[in-house]
Colleague: 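One structure, as structure tokens, below. Some questions next.
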Amino acid sequence: MLGRPTWFALKHKSTAQLPVSGRCCCPARSITSSGISKTVSSSLSDSVKNVIDDKRPLPREAKVVICGGGVMGASVAYHLAELGWGPSTVLVDQGNIGGGSTGHTAGLVGVFKPTLAQARLVQSTIALYKSLEERGLPTGWKECGSLCLAKTRDRMTVFRRMKALSVSWGIDCNLVSPDEIAQLCPLVRTEDLKGGLWIPGDGVGDPIQICQSLVQVAKEGGVHVLEGCSVKQVVSSNGRVVAVDTTRGTVECQYFVNCGGFWARQIGQMSEPFVKVPLHPCDHYYLHTRPVPGLDPMTPVVRDQDNHIYFRENEGCLMLGGFEPVAKPAFEDGLLPASSSARQVPEDWDHFHVLLQKMLQRIPTLGETALDRLVNGPEAFSPDCKWILGEAPEIQNYFVAAGMKTVGISAAGGVGHSTANWIVNGFSSYETYELDITRFLGLHNNRKFLRDRVREVPGLHYAINYPFSEFSTGRNLRMSPIYPKLREAGAVFGQVMGYERPVYFDPENQLANVTPEPGAEKPFRIAETKTFGKPDWFDIVGEEYAACRESVGLCDYSSFTKIDLWSKGNEVVESLQHLCSNDVDVPVGSIIHTGMQNSRGGYENDCSLARLAENHYMMIAPTIQQTRCKVWIQRHLPLDGSVALSDVTSMYTAICVMGPFTRTLLSELTDTDLSPHSFPFFTFKELDVGLANGIRAMNLTHTGELGYVLYIPNEFALHVYTRLREVGERYDLRHTGYYAMRALRVEKFFAFWGQDLDTTTTPLECGRSWRVKFEKGMDFIGREALIKQRDEGVKRMYVQLILQDHDPDLDLWCWGGEPIYRDGEYVGATTTTGYGYTFKKQVCLGFIQNFDSVGKPQKVTSDFVQSGSYEVDIGGIRYPAKVNLRSPNLPTKFPDKEREAYQATRDKVGVSEPILKSVNS
């Protein structure tokens, strides 16, 4: 450890060389990357200005106005120009091009990201920079490679999984030993390392040069570029962008793109209604050394994630940074500096000391290297440590590309391409739902929430991404009325959309770190899975699973999205028939499961619709869809307001009781006949339960098990829960959580939106063609695309794989994203995975494709799927697997015709079938 005297010497040595009061007008220009010296020369500044015509007046009309002249805004402008929209595009920036967030980056471009969608965006970006260089346009691109270091076994497991993924993701990488690390980068101390991952295609770029080149091409394509032009207001009418008011006049437009980076949240507040862009800045440090004799200019970027640090070569010097585990929020009062020159804040050596210690440990020669300066340029982070992209839910044609968490240049090309395509063609060129701004609610934009969360978020950038990871801040925010009872029953919680949901129950505190005093209130416990193998909650979840299949399980479904739609006449039916691919004109009391497809046939929403009355429906959708699906529906309803929509998610507590004895249990609490003849599977009734009335009961569970979901007005929730527990004691009722629900639905081959389904997945690809009613007498969104796919055949197919020769006690588990091999050739990847407690094996859901010799997908048939021999690669070890194309019937002590008849996933493609097979009542 670095001693205090040495640290103080370093601190005073460094600060003596740092200008304390005379900071640069544009602090970004002292944090540049390869190809730019530590202080950007005036010639470069002049060359950037040569691209811009400051005297050019603001056009009165345009199609698109982009706010923000950083690398993100420059990329959007470039790609719009490439698509022919240059003359109709205006790019404005309050300062100089590249002088905002772009200049506050280290210039790192690393292709491996947490998900395939993010990796594709980076790959597109690297391809763009290379193409610019080939055209003679400078980007500072240097393919020096990157070296990721592992101090722990879990980190090496992560690297092995990354290596396995690299085949399907198209990334060249190799696992390396400590000795090989020393050869690749002699600066690194390797004694404490387990190994590493070498990615030769990674590199660094020059943010300012990239901006300059992109803007130059954009301007040549007709884009109007204005510096020193600030946005004052984004004007909307009837929910759409119509104009932008700036300090240099007003321009009428159809689209607005918020690429404000550090200021994106503030820009979002310049409209009515506000566009919520949940970002908060925190301190972010870059340490610059003076020239290091003999430093190889092709020194790789080194990421020491276990120590939270990185470093790179920069013009003969070292540039170092990191993502400390506990960050320090900046500008906590919410008042951001008006300009980039005021953004840089004083360095805090005491706070930076955590990272400095690790830097000195990893690079022994750093202690003898002269330091030049420490720069604190705050960066803005989103509350989930992901980028923020897409069309804002508040205003149509208002797009956001922000929250790039210091690595904007690594994704700029892909994000710009995606955003421009979305504007011009109506959809993104990449599947980016996980990054879409509609993943948030208003609560995520609360400044105090953001301030607390941002302390935790930057550290996640380099943290090990364990399965089912949870945040520790911003908790106990959204809770159902029965939350205190669930907590007292031993609930261990996960959070989705701010909602606390039990993931399993540990009433005896078997897995608790601290045992509460007798009689004391049960502590709030956050779930964690700090392993890639068998989790410690395995046995507990197994018991909950068994209760749902053999007795009675009770689960809180309150977080599910709940929306009511109604009209005076038949308008709601006609609107839903247009939105849905299934036929929703079913008898009152029926429940229909349907997709809402986009024009390409992909799932924008996957939901259940209960017909409460002739012109009244209740929609149940995944929790993560609360904002997204509501906006999608609203934007496709009649403009005359004839169809009303109300988000009733917070009005109802949803309790699911499932298992073979649920009908008998519930019959003791209601006078309604619950027999299969009177209340069959996939139907709805309004019940009295106990002394409460007005409970919307649905005969389904979303897992394939028998049972009911009770949607209870909140004022009755505690009463109904209490009565269920009292009566349930006679049936061995047990509390259950979402981990058990996941195990149930994976075994039953149930697909969920956001895990298995997304905006590129069609019903025909995932065994749901029977839910598409092509001949229902009314056109629906995506019908033409689905007919075309039905006629031509699908090019990927949803399968269930059951692992063989896999020891769950010793071997690594599947957690999603694992490569699938057919006859030794890569054919796809897993989506959702879990342990099948009935199969007593690991179960994987995923998609497989049929690639030809050049990697182009061909038609996939049932015969192709069933004729192959399959393996799943888990961290470099391939396990044989048995394939299924339809939901299996699982053995049970209590067989039931309803349960056995329903198959959510079927292997008959292109055949319309009823929801249920014939059931003899």
Colleague: Answer with yes or no whether the side chains of S428 and S418 bring together a donor and an acceptor at under 3.5 Å.
Modeller: yes
Colleague: Strictly below 4.0 Å, N to O, side chains only: are D192 and R362 in salt-bridge contact?
Modeller: yes
Colleague: May I ask you to decide whether E313 forms a salt bridge with K142, counting only side-chain N to carboxylate O separations under 4.0 Å?
Modeller: yes
Colleague: State whether K358 and D304 are salt-bridged, where the test is any N-O pair (Lys NZ or Arg NE/NH1/NH2 against Asp/Glu carboxylate O) under 4.0 Å.
Modeller: no
Colleague: Which atom names give the shortest non-hydrogen contact between V76 and A420, and what distance separates them?
Modeller: O-CB, 4.3 Å
Colleague: Using the ring of F471 (Phe, Tyr or Trp, six-membered ring only), decide whether R453 places NZ or CZ under 6.0 Å from its centre and within 45 degrees of its axis.
Modeller: yes
Colleague: I'd like to know whether D154 forms a side-chain hydrogen bond (donor to acceptor under 3.5 Å, both in side chains) with Y466, so could you lay out the CA-CA distance, the side-chain angles of the two residues, the decisive distance to 0.1 Å, and finally the verdict.
Modeller: CA-CA 9 Å; D154 278 0; Y466 286 108; 2.4 Å; yes
Colleague: Just checking K194: does its NZ atom have more than 12 heavy atoms from other residues, nucleotides or ligands closer to it than 6.0 angstrom?
Modeller: no
Colleague: One pair to check against ring pair (Phe, Tyr, Trp, His ring centres under 6.0 Å): F323 and H284. What are the steps and the verdict?
Modeller: CA-CA 8 Å; F323 298 90; H284 191 66; 5.1 Å; yes
Colleague: If you apply the rule side-chain hydrogen bond (donor to acceptor under 3.5 Å, both in side chains), what do you find for S146 with Y310, and how did you get there?
Modeller: CA-CA 10 Å; S146 72; Y310 64 84; over 6 Å; no
Colleague: Tell me which pairs pass salt bridge (Lys or Arg N to Asp or Glu O under 4.0 Å) where either residue lies in residues 113-136, with sequence neighbours left out.
Modeller: K130-E143
Colleague: Mind checking whether W349 and F352 have parallel, tilted or perpendicular rings, split at 30° and 60°?
Modeller: perpendicular
Colleague: Please, which pairs that meet ring-ring contact (aromatic ring centres under 6.0 Å, His included) have at least one residue in residues 105-129, sequence neighbours excluded?
Modeller: F112-W169
